[in-house]
Amino acid sequence: MAKDNLKFVEKESVVIKFAGDSGDGMQLTGTLFSDTSAFSGNDLVTFPDYPAEIRAPHNTIAGVSGFQVHIGKEIKTIGDKCDVLVAMNPASLKANLKWVAMGGSIIIDADSFDEKLVEKAGYASNPITDGSLSSYRIIAAPISSSAKRIGQEHNMDIKSSEKTKNMFALGIVAFIFDRDLEKIAKRIELKFKKKPDVAQANIAVLNAGYIYAESAEIVESRYHVQTADMPKGRYRNISGNIATAWGLLAASEKSGRPLFLGSYPITPATDIMVELAKHKSLNARVMQCEDEIAGICSTIGAAFAGSMAVTSTSGPGLSLKSEALGLAVMTELPIVLIDVQRGGPSTGLPTKSEQGDLYQALFGRNGECPCIIISATSPSDCFYAAFEAAKLAMEHMTPTILLTDGYIGQGSELFRIPKMADMPKITPPIAQPNDPDFAPYRRDEQTLARKWALPGTEGLRHRIGGLEKTDIFGAVSTDPINHEKMVNYRREKVERVANYIPEQEIIGDKEGDLLVVSWGGTFGQTLMAVKQMQKQGRKVSLAHFKYISPLPKNTAEVMKGFKKIVVCELNDGQFVNYLRMKLPEFSYQKYDKHQGLPFTTEELVTKFNQLIEEE
């Protein structure tokens, strides 16, 4: 077929995964393609998937790094199966073949499929030639050799030339999906702005990949992916961690309180700290501490001093912070603790996502130690969830835990940047100088929040600390009646937050055969599954929870209209057991997954149909 005869096929959405060895640049390649697709008007969701080892074994399944992107008209998930897989070596093909849709395209670096690497990946024979890939469209291109030749033409050494092979693969994909090479080239120039020669070599390899796909007649058609219908505004492709950092900055501005972050680097939360460190001009102060305990203790000190104080971590770090979090509850200081959840226990799966820290957030402290707990639902929602976590913490003078996870924290989607004028006000209850009614534990009648007395303010000298204090006046006390009163106050203060959060919404009818309940980063998958079933005429609705502690006031009202309730979560049933404890009058079934991977729409639909059909 001549290249001029290639037809464009219209697609509502496509899923593409770039997979290769650690060091092959798959994360960069996926990001460049995603950004260019956003400029082209596509909606998108991305999913970086990489090994935990810093130097993973080369050309092994354990060392495969991937980046999946779902682009199209209306995108809420990373997609179940790939329409196109880029496999830079045999190991990446073997690790990802199960995720390719039957009839999908696989772009292979033919240069890497030699006998030694094929055997190392666990193949008995070369999959390119043995017929095992007959169900797929195979594009075996000379990716490595072409990149090496072009790189050397640009005066790069052999090793550096080999590193540009990801750009050749990107050029092929750019041709198939009609991406704008100039936009990709500008992103490459920005990436390598301090090394213009390297940038130009990569751009040359990118163009060569595009020309190869155009001239070698490797595809039967090209594709136009439908663009998104979105409100006017300023958009960017943003990861959940970056959105979290921006939400905190916005909360600092709206509250008038300087932002302080005390944290210790931990996968997958580190990018929050890195991003905030870039914004000293916005009155953000970041301290990289020697450990997790120092991180939260510095945060408590900053909150005492009047800062909007934040600490960020992941599961093992939350364990280490638990004692100091109890101190923040006892002193009733407004701190925000962000937990970007990953697979556990212990060090667990550092680069894989899970929702396994809910029990820890709810109960992982000694004594009666309640906190406000909310969860983010998507990468862009991390902005609003972080803003609200800070608002609730400061206005209710209570530590607030924000649960995100590795999937939405490191994944990305399009984000419409809001105007600060449209964001709600944050009004911390700051005590005024020489207030004659001030006492450290005198409370607001509505919220039960105490006043925030900033050190050095005239007439507000006071005492707080880890020992129990007397009601109102704050003297150290072991009186049993007083202790019970203070325990009740701290619990009731969190419960009253329900008066200040939205009621729980239902997506679908308020009555039906099945109510799907989910929380946090599972929103996109459960939403798509429920919508698919609703189109089929099934009486299924979705209640996706963002507010965990307290639950929305109408939660029981939401539950009672359905014959069956199934709770879906990426753990061993933590939220369903919490609901059984809080609302025991309902019967719940659970559907959980703990593989370090998000749900797929297909497996959810299969389960929901099974539940409806069961007697």
Side-chain angles (χ1 to χ4, degrees), residues 52 240-241 244 263-273 292-293 295-296 299 310-326 328-329 335-366 369-378 381-382 385-386 389 393 399-411 494 517-523 544-551 567-579 581-582 590 592-599:
N241 283 338
T244 298
S263 287
Y264 179 76
I266 184 171
T267 302
T270 305
D271 285 343
I272 298 171
M273 178 169 62
E292 297 282 2
I293 299 170
I296 189 170
T299 299
V310 186
T311 188
S312 56
T313 191
S314 191
L318 180 57
S319 301
L320 290 167
K321 294 178 188 292
S322 61
E323 182 181 2
L325 185 56
V329 170
I335 72 167
V336 177
L337 193 162
I338 300 163
D339 177 24
V340 188
Q341 300 167 95
R342 70 191 206 189
S346 187
T347 312
L349 304 172
T351 61
K352 308 300 181 183
S353 190
E354 210 164 80
Q355 292 181 301
D357 296 344
L358 181 58
Y359 280 167
Q360 189 176 194
L362 286 165
F363 311 120
R365 297 166 292 283
N366 67 296
C369 195
C371 294
I372 301 169
I373 302 170
I374 68 173
S375 60
T377 63
S378 69
D381 183 60
C382 285
T400 299
I401 299 174
L402 170 60
L403 297 174
T404 73
D405 58 55
Y407 163 57
I408 60 173
Q410 297 185 114
V494 171
V517 172
S518 55
W519 68 277
T522 60
F523 175 64
H544 186 85
F545 284 79
K546 182 172 183 175
Y547 303 94
I548 308 295
S549 180
L551 291 167
V567 182
C568 304
E569 50 189 324
L570 301 177
N571 56 46
D572 200 21
Q574 296 184 21
F575 190 56
V576 69
N577 286 335
Y578 176 61
L579 290 174
M581 182 182 77
K582 300 294 286 186
K590 71 169 187 170
D592 48 56
K593 181 177 181 178
H594 24 87
Q595 301 174 8
L597 295 169
F599 286 117

pair [X]-[Y]: side-chain heavy atoms closer than 4.5 Å:
{"X": "C369", "Y": "N366", "result": "no"}
{"X": "V340", "Y": "N241", "result": "yes"}
{"X": "C568", "Y": "V517", "result": "no"}
{"X": "P316", "Y": "R342", "result": "yes"}
{"X": "L337", "Y": "L402", "result": "no"}

What's the spacing between [X] [atom1] and [Y] [atom2] if we round to 0.5 Å?
{"X": "S314", "Y": "I266", "atom1": "OG", "atom2": "CD1", "result": "5.0 Å"}
{"X": "L358", "Y": "W519", "atom1": "CG", "atom2": "CH2", "result": "4.5 Å"}
{"X": "D592", "Y": "T522", "atom1": "CG", "atom2": "OG1", "result": "12.0 Å"}
{"X": "I293", "Y": "S322", "atom1": "CD1", "atom2": "OG", "result": "8.5 Å"}
{"X": "T244", "Y": "I408", "atom1": "OG1", "atom2": "CD1", "result": "7.5 Å"}
{"X": "T400", "Y": "I335", "atom1": "OG1", "atom2": "CD1", "result": "9.0 Å"}

Tell me the closest heavy-atom pair linking [X] and [Y], and the distance in Å.
{"X": "S353", "Y": "G406", "result": "OG-N, 3.4 Å"}
{"X": "S549", "Y": "V494", "result": "OG-CG1, 3.9 Å"}
{"X": "A361", "Y": "I373", "result": "O-CD1, 3.4 Å"}
{"X": "I374", "Y": "A385", "result": "CD1-O, 3.4 Å"}
{"X": "V336", "Y": "A393", "result": "CG2-CB, 4.0 Å"}
{"X": "C371", "Y": "V329", "result": "SG-CG2, 3.7 Å"}

Would you please say whether a donor-acceptor pair under 3.5 Å links the side chains of [X] and [Y]?
{"X": "N571", "Y": "Y359", "value": "no"}
{"X": "D339", "Y": "T313", "value": "no"}
{"X": "K321", "Y": "T311", "value": "yes"}
{"X": "T404", "Y": "Q341", "value": "no"}

Please identify which of these residues, T377, V567, L551, meets the side chain to side chain contact (heavy atoms under 4.5 Å, CB included) condition with F545.
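Considering T377, V567, L551, a side chain to side chain contact (heavy atoms under 4.5 Å, CB included) with F545 is found only for L551.
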
Between H594, Q595, Q355, which is the residue that forms a side chain to side chain contact (heavy atoms under 4.5 Å, CB included) with L570?
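That would be Q355.
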
In plain terms, say whether K590 and D572 are close enough for a salt bridge, that is, a side-chain N and a carboxylate O under 4.0 Å apart.
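Looking at K590 and D572, the cut-off is met.
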
Could you check whether any side-chain N or O of T299 sits under 3.5 Å from a backbone N or O of V310, counting only pairs where one atom can act as donor and the other as acceptor?
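Flag set: sc T299 to bb V310 pair under 3.5 Å.
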
More than 12 heavy atoms of other groups within 6.0 Å of Y264 OH
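No.
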
Begin with the C-alpha distance, continue with both residues' side-chain angles, and end with the deciding distance and a verdict on side-chain contact (heavy atoms from CB on, under 4.5 Å) for T270 and I272.
CA-CA 5 Å; T270 305; I272 298 171; over 6 Å; no

Tell me, please, which residues at least two apart from Y578 pass ring-ring contact (aromatic ring centres under 6.0 Å, His included).
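Here no residue qualifies.
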
